Every structure is written in C-alpha cells, then in structure tokens.
2 protein chains.
Amino acid sequence: MLLSKSCVYGLRAALYLANQEKGKFIPIRQMSDKLEISFHFLTKILQQLTAEGILESFKGPNGGVRLVRNGSEVPLMDVVVAIDGSKLLTECALGLPGCGVKAPCPIHDKWAETRDSIREMLEQSTLTELVNKSRKENLRLTSEDGFDILFND
Amino acid sequence: MLLSKSCVYGLRAALYLANQEKGKFIPIRQMSDKLEISFHFLTKILQQLTAEGILESFKGPNGGVRLVRNGSEVPLMDVVVAIDGSKLLTECALGLPGCGVKAPCPIHDKWAETRDSIREMLEQSTLTELVNKSRKENLRLTSEDGFDILFND
DNA sequence: ATATTTTAAGATAAAAGAGTCTCAATAATC
DNA sequence: GATTATTGAGACTCTTTTATCTTAAAATAT
Ligand code: SF4
Ligand code: SF4
C-alpha cells in the first residue's frame, strides 16, 4: 500500500475538517462516527497531527480539533508526512539503504520519475481544493456500503 | 511502502537471474548469499514465483531456479503482481472499498494519474532492459555497506 | 544403495501495524 | 464543587508481515 491506514484515516479526517465551518472545533467522536473509523484509533492519529502543528485541539465540552491553517494552505503532503514520514519520497523502490546518488540501482531512473509524480500529486493538492471539487461533484468520503459522507450534507 | 519487502526481494532475485547465463539453474543459496537475503525467506518468495510460472526450479545437485521466459520478455510488473497481487494498481489511495466508478472520492483523478504512472513504470521495464543498463553503467543491486553486486562481476 | 545437494512445505517465532481499552487531564455547565 | 464532555497518554490485544527452523522430497554422484 502506498499510504498506511493511519495516514489514510488522517487524510480523510483532514478533508472532513476542511469542509467544516472555519475555526470551529469538531469533536473527534463526531468524525469517527461519520467517517466510520474507530474513535480511539482516530484519536491517536489526530494527536499526531496536533503534535505536528496541523491541527489544534481543545478539551472539554464544545471541544474538539480544527485545522490550524486554512485548508487551502494545507497540501495533502503535510498530512502524509506528519503520519507516514517522508520515506515514501526519499526511499528506494528496491528498498536498498544508501541509495541513488553515487551508484543508482537498475530501476532508479524510472522510479525517480514515478516518485516525482507522487510528490507532485501530494504537494499540489490542497485540502480545500479537493473539498471544493467534491462539493461540486457530490463525491464521497466513505464506503458505498456505509453511510456516505457527501460534502454537501 | 509501495512494494512489500517480499516483492522487493523477488525483484532483486529476478534481476540477478536475468543477468546469468540463459537456461542455467542458479542455486537459491548463491543468490541469498550474494543478495544478502535470508536463504529460507528468499526460498519461499521464489517458490511463489515458481508457482506463478515466472521461474522454474530443479532439485538436487546442480539444481536451482531459472527464468522460464527470456528476461527481455518479463516486465517487472509480472514479478510484482505474482508477489504483491494487483491491488497496487486497482486499489484506492484512500483505502475505500467499492471505489471510483460511480462516485469517486476527492482525490480520485490525481490518484488515477499517479497510479497509471506506476503501472507504466512496471509494465514498460523488462528485466533484461534493466540488467543491460546496469551492465553499461556499473549499477549495483545491494547496499553500499555490504558486498555490492555489480552486474559485471 | 547411500550420502549429498538442492528445492518444497509447514511449523514456529519475532517484529510491525492496526485496533481496543482504561484512566488521567482539562474545560464547560449545572 | 460536582458532573459531564472532551482530548491525552499509555498499556494492552489482535493481525499481518517478515523471518527462522525443521523435516520431507527429489535428483545427482559416489
Ligand atoms: S538508486 Fe534509486 S531506485 Fe535504486 S535503490 Fe536508490 S533510490 Fe531506489
Ligand atoms: S474514487 Fe479513486 S481515489 Fe477515491 S477511493 Fe476510489 S479509487 Fe481511490
């Protein structure tokens, strides 16, 4: 898998938050229900995003989490790196340590291209951009079988 | 990680084989030593490749494994699919079941592009092509720290 | 025939990833 | 101040991946 499950959950939550009223704290419980992710597991993931400065949290009634920056200033990459680290973009497809520069392995050139295209995808898409697209086209964020979260709820 | 460790080991072994005298059976022990992969683990991986018809094996003294087809007719994709399956190319980046067609999720378009570029990389590169390139440029197949396998050994 | 070299297969173990549970800390409301 | 709603942190469990170990089967060589 390209992204870990934690990372995917983090991304989905971030998109969910970007679709909410700006500045409002959203309880994790609400997100875990809507997105159909285990509450405790999602909590841990969002704690990472908070620690990385992508979210801020507030305890107690009316508490929750929210984006620090405007969603339009948050590329997907930020969320991915916060959770999965940057190895996806630096590591070798053949899993060799000490790769690339001096003595690249056989697939280096092709892999470097592909890696760039992944990087571009993650750097060039912001949360807001995707949310806007989703609102326009009624795209969903959860499985077919469960409760679909449409961005126009 | 894009590819599982098993898959990476399988690819490295396949490249190693493609660099050997055509038709010759190569003992797995030799490969595991040269590539610095656990013998038993590599054995299991190569069993999969044998089961999938990519390698054929021969028991006993002078036995080993070899490529069924010429390396020039084996795209990396074949090895990847044999070990990791095709989920990399069909599954969603956001890990949603029942994706895409009817109601794509927010990042579908971007992800589909990236996925295509991964598919191209794996389909268009053959073992032989990479080995040839490697021989020309003295590229390596193992870590800096260990015994480097140069294709010109 | 017997011993040797090799792959095949399966049991087991260790490590990493995913998920759950419990309790503490903080803030609002009553 | 007590109760309630929320995040924070840690221990714990379950599952998958990765790796090891043991034994069997096949082929060769002696
Ligand atoms: S040379 Fe490139 S493809 Fe090869 S191991 Fe290094 S980073 Fe990976
Ligand atoms: S629509 Fe595309 S990106 Fe979204 S879940 Fe499906 S395959 Fe993945």
Side-chain angles (χ1 to χ4, degrees), chain A residues 1-13 17 20 24-68 80 83-85 87-88 91 94-95 97, chain B residues 1-13 17 20 24-68 80 83-85 87-88 91 94-95 97:
Chain A
M1 233 187 327
L2 191 72
L3 303 176
S4 73
K5 236 164 172 191
S6 296
C7 189
V8 161
Y9 292 165
L11 276 173
R12 290 211 254 152
L17 286 173
Q20 299 298 121
K24 193 174 168 195
F25 283 104
I26 307 294
I28 298 176
R29 175 70 67 182
Q30 174 186 326
M31 282 193 274
S32 71
D33 286 350
K34 293 264 190 176
L35 296 172
E36 299 177 292
I37 301 170
S38 145
F39 168 70
H40 289 289
F41 195 34
L42 183 58
T43 296
K44 276 218 257 187
I45 294 162
L46 298 189
Q47 275 171 23
Q48 289 181 70
L49 293 182
T50 303
E52 296 288 332
I54 291 172
L55 303 183
E56 51 197 354
S57 68
F58 192 77
K59 286 176 185 170
N62 309 315
V65 297
R66 70 181 180 196
L67 291 168
V68 170
V80 170
I83 297 174
D84 275 357
K87 55 184 177 344
L88 179 63
E91 257 186 6
L94 291 193
Chain B
M1 234 191 323
L2 192 71
L3 304 176
S4 74
K5 232 165 172 193
S6 295
C7 188
V8 161
Y9 292 165
L11 276 174
R12 290 210 255 152
L17 285 172
Q20 299 298 120
K24 192 175 168 194
F25 285 104
I26 307 294
I28 299 175
R29 176 69 67 181
Q30 174 186 327
M31 281 193 275
S32 71
D33 285 352
K34 292 265 191 176
L35 296 171
E36 299 177 291
I37 301 170
S38 145
F39 167 71
H40 290 289
F41 195 35
L42 183 58
T43 295
K44 277 223 247 184
I45 294 161
L46 298 188
Q47 275 171 24
Q48 290 182 69
L49 293 181
T50 302
E52 296 288 332
I54 291 172
L55 302 183
E56 51 197 353
S57 68
F58 192 77
K59 287 176 184 170
N62 309 316
V65 296
R66 69 181 181 197
L67 290 168
V68 170
V80 169
I83 296 173
D84 276 356
K87 54 183 184 332
L88 179 62
E91 257 185 7
L94 292 192

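Just so it is clear, the values below take in all heavy atoms, side chains as well, and ignore hydrogens, waters and symmetry mates. Reminder, nothing fancy here: chain letters follow the sequence lines and each chain counts from 1. As the structure is a prediction and not an experimental result, all values here were calculated from the model.
B:Ser6 meets the side-chain hydrogen bond (donor to acceptor under 3.5 Å, both in side chains) test with no other residue; sequence neighbours excluded. Under the side-chain contact (heavy atoms from CB on, under 4.5 Å) criterion, B:Phe58 pairs with B:Phe25, sequence neighbours left out. Applying the side-chain contact (heavy atoms from CB on, under 4.5 Å) test to A:Gln20 and every residue at least two apart in sequence or in another chain returns A:Tyr16, A:Ile26, A:Gln30. Taking A:Thr50 as the reference, nothing meets the side-chain hydrogen bond (donor to acceptor under 3.5 Å, both in side chains) condition, with sequence neighbours excluded.
No donor-acceptor pair closer than 3.5 Å links the side chain of A:Asp84 to the backbone N or O of A:Leu3.
Taking atom CG of A:Leu42 as the reference point, atom P of D:dT7 lies 9 Å away to the nearest angstrom. At whole-Å resolution of the value, CD1 in B:Ile45 and P in D:dT20 are 11 Å apart. Atom C1' of nucleotide D:dT17 and atom NZ of A:Lys5 are separated by 14 Å, given to the nearest angstrom. For the pair A:Leu49 CG and D:dT7 C1', the computed distance is 14 Å after rounding to whole Å.
Counting only residues at least two apart or in different chains, salt bridge (Lys or Arg N to Asp or Glu O under 4.0 Å) contacts with residues 53-65 of chain B comprise B:Glu56-B:Arg66. Among pairs with a residue in residues 28-48 of chain A, those fulfilling ring pair (Phe, Tyr, Trp, His ring centres under 6.0 Å) read A:Tyr9-A:Phe41, at least two apart in sequence or across chains.
Counting heavy atoms from C-beta outward, B:Leu11 and B:Val8 have side chains that stay 4.5 Å or more apart. In this structure, B:Leu67 and B:Leu55 have side chains that are in contact, with non-hydrogen atoms separated by less than 4.5 Å. Two residues are said to be in side-chain contact when any heavy atoms from C-beta on lie closer than 4.5 Å; A:Met31 and A:Leu17 meet this criterion.
Protein chain A contacts DNA chain C from C:dA18 to C:dT29, reading 5' to 3' and using non-hydrogen atoms of the protein with a distance under 4.0 Å.
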Pairs under 3.5 Å (N/O, protein and nucleotides 13-15 of chain D):
none

Close N or O pairs between protein and nucleotides 8-11 of chain D (under 3.5 Å):
residue: D:dG8; atom: OP1; partner: A:Ser57; partner atom: OG; Å: 2.7
residue: D:dA11; atom: N6; partner: A:Lys44; partner atom: NZ; Å: 3.3

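Side-chain nitrogen and oxygen atoms of B:Ser6 include none within less than 4.0 Å of the OP1 or OP2 phosphate oxygen of D:dT17. The side chain of A:Asn62 contributes no N or O atom lying less than 4.0 Å from OP1 or OP2 of D:dT4.
Atom-to-atom distance recorded for B:Leu42:CG and B:Arg29:CZ is 10.5 Å, nearest 0.5 angstrom.
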